[in-house]
Number of protein chains: 2
Amino acid sequence: MDNFKFTDRPDQKRLSRTIAEYGDPKTDVSAAVLFLDLQWTYREMQKAYDQVLAASDLTETRFIILMFLFRAENYCLAPSELATKLGAARPTVTKILNRLMISGLVIKLSAPNDKRSILIQLTPTGKAVLQKFLPRNFEAVQTITAALSASEIKTLSTLLQKINIGTRNLNLEEERHHGNN
Amino acid sequence: MDNFKFTDRPDQKRLSRTIAEYGDPKTDVSAAVLFLDLQWTYREMQKAYDQVLAASDLTETRFIILMFLFRAENYCLAPSELATKLGAARPTVTKILNRLMISGLVIKLSAPNDKRSILIQLTPTGKAVLQKFLPRNFEAVQTITAALSASEIKTLSTLLQKINIGTRNLNLEEERHHGNN
DNA sequence: CAAATATAGTTAGCTAGCTAACTATATTGA
DNA sequence: TCAATATAGTTAGCTAGCTAACTATATTTG
């Protein structure tokens, strides 16, 4: 749903009405608005960033995998290591690597010492794709953050950390709920 | 990839090195860190929020569709209206509605005046699910934002708008790139 | 008023994730 | 040491998105 292009979003007024009817009386409407704003900001940002990646025939996942290989010794990693680093399921990595092999950005090598395992290596083509893409990547990031001053960047970073605290608490809340059943 | 559980994320140091090699010399490393922080904060928050929804057998998309119906006249909307409001493709809506019909949260009515069209109506069961979920929803949002003061909420909202400006500029940049080819 | 066009919903088939389960090989430990 | 267990990669089949293309009905227009 991250790519939906909503034409009807709840505004302050509608949200207030719903909260008045169904929320705890001490619920802060502006907090709920902020939550929706954060979703919106990320989703729009990510759609734009995905387009930048797509212009180089990349997705963020493919890009990150290529970067892991780029920084690895001899440009090589086993699929299972990639899966761990990414935090993705091994079959997911298999599919992505197949795609990258077809495009010629990586190749499959047999691993010494372990006949179960293989090694994935970044090809010269893969390196070239990264070297071409990286400047564009940082330019795009610069554009995204250009309206913020250095001190605003610091402030935003601090405030995001406070959201992270809220997320951790929500996870704890959910675990507790589960436990109670 | 929003659900990946990364075990290897680029830190300040690695990012500096890559920017030094491939970024414009005036690229701001802390801006790049902020970009990754914003992605991280949203993704962790959303994973936690999705769990709250899942506890009521909801996804955010299903929840939003139910809310559109909840606020609609006679609790009825056509699938095509839902697709427009969501900004999703019509076949996507068809599938979600099939799922909601199986769960008994909505029913299909024939539209008067247009034999091509149908109407989707929220059932009493659907209403009950919402009425049970909404308090939990606002409680979760409250938990997420609890570490922020009222003034911090205002500041964060302002700073997110500055990211929105950056996103718009990135979109313009991309359009220009396309045009140039 | 009939033909062309537009709209509503669905179907088929694509991508990128996931889990479960399989095969082959390594490792552990009784 | 050899049987049990664990790990690596893959395959099959699930979900939630998408686009293209189909059928049926409305609307527009020559």
Side-chain angles (χ1 to χ4, degrees), chain A residues 1-7 39 43 46-47 49-51 53-54 57-66 76-103 106-121, chain B residues 1-7 39 43 46-47 49-51 53-54 57-66 76-103 106-121:
Chain A
M1 67 145 308
D2 279 19
N3 290 312
F4 288 175
K5 289 167 196 149
F6 287 98
T7 65
Q39 287 185 319
R43 287 168 184 172
Q46 191 64 37
K47 276 182 256 183
Y49 181 56
D50 285 343
Q51 279 199 294
L53 287 152
D57 194 29
L58 290 173
T59 62
E60 193 174 340
T61 303
R62 291 206 278 267
F63 171 49
I64 293 172
I65 285 184
L66 294 177
C76 273
L77 286 173
S80 55
E81 291 176 295
L82 286 168
T84 301
K85 282 169 182 289
L86 268 181
R90 287 200 319 277
T92 300
V93 172
T94 296
K95 276 209 273 182
I96 298 166
L97 293 177
N98 282 337
R99 168 63 202 267
L100 289 172
M101 283 188 281
I102 288 168
S103 313
V106 305
I107 49 169
K108 193 184 280 199
L109 306 175
S110 52
N113 307 330
D114 191 336
K115 286 179 189 164
R116 292 170 306 179
S117 191
I118 62 180
L119 284 175
I120 300 298
Q121 186 177 48
Chain B
M1 68 148 306
D2 280 20
N3 290 312
F4 288 175
K5 289 167 197 150
F6 287 97
T7 65
Q39 287 185 319
R43 288 170 183 171
Q46 191 65 36
K47 275 183 256 183
Y49 181 56
D50 286 343
Q51 278 199 295
L53 287 152
D57 194 30
L58 290 173
T59 62
E60 193 175 341
T61 304
R62 291 206 279 266
F63 171 49
I64 292 171
I65 285 184
L66 294 177
C76 273
L77 285 173
S80 55
E81 292 177 294
L82 286 168
T84 300
K85 281 169 183 289
L86 268 182
R90 289 201 316 279
T92 300
V93 172
T94 297
K95 274 208 271 181
I96 298 166
L97 292 176
N98 282 337
R99 168 64 202 269
L100 289 172
M101 283 187 282
I102 288 168
S103 313
V106 305
I107 49 168
K108 193 184 281 199
L109 306 175
S110 51
N113 307 330
D114 192 335
K115 285 179 190 165
R116 292 171 306 181
S117 191
I118 62 179
L119 283 175
I120 300 298
Q121 186 176 50

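Numbers restart at 1 for each chain; the letters A, B, ... are given by sequence-line order, proteins then strands.
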Can you name the salt bridge (charged side-chain N to carboxylate O under 4.0 Å, His left out) partners of B/D2, sequence neighbours left out? B/R43

Residues forming a side-chain hydrogen bond (donor to acceptor under 3.5 Å, both in side chains) with A/Q39, sequence neighbours excluded: B/Q46, B/E60

Please work out which residues in residues 88-103 of chain B have a non-hydrogen atom less than 4.0 Å from an atom of DNA chain C and list them by number. B/R90, B/P91, B/T94

Listing, residues 89-102 of chain B side-chain donor-acceptor contacts under 3.5 Å, not counting sequence neighbours, or none:
residue	atom	partner	partner atom	Å
B/T94	OG1	B/R90	O	3.3
B/N98	ND2	B/T94	O	3.4
B/R99	NH2	B/D57	OD1	3.2
B/R99	NH2	B/D57	OD2	3.2

Could I get the full list of side chain to side chain contact (heavy atoms under 4.5 Å, CB included) partners for B/S110, not counting sequence neighbours? none

What is the pairing partner of C/dC22, taking Watson-Crick or G-U wobble pairs with both distances under 3.5 Å in any strand? D/dG9

So the contacted stretch of DNA chain C, first to last nucleotide with an atom under 4.0 Å from a non-hydrogen atom of chain A, runs from C/dA16 to C/dA26

Hits for side-chain hydrogen bond (donor to acceptor under 3.5 Å, both in side chains) against A/K47, two or more places apart or cross-chain, chain-then-number order -> A/E44

Identify, with sequence neighbours excluded, every residue that meets ring pair (Phe, Tyr, Trp, His ring centres under 6.0 Å) alongside A/Y49. B/F35

Can you give the donor-acceptor pairs under 3.5 Å from side chains of residues 112-121 of chain A to other protein atoms, not counting sequence neighbours?
residue	atom	partner	partner atom	Å
A/D114	OD1	A/R116	N	3.0
A/D114	OD1	A/R116	NE	3.2
A/D114	OD2	A/R116	NH2	2.9
A/Q121	NE2	A/N74	O	3.1

Note: contacts of residues 112-121 of chain B with DNA chain D (heavy atom, under 4.0 Å) are B/D114, B/K115, B/R116

Sorted by chain and residue number, the ring pair (Phe, Tyr, Trp, His ring centres under 6.0 Å) partners of B/F4 (sequence neighbours excluded) come out as none

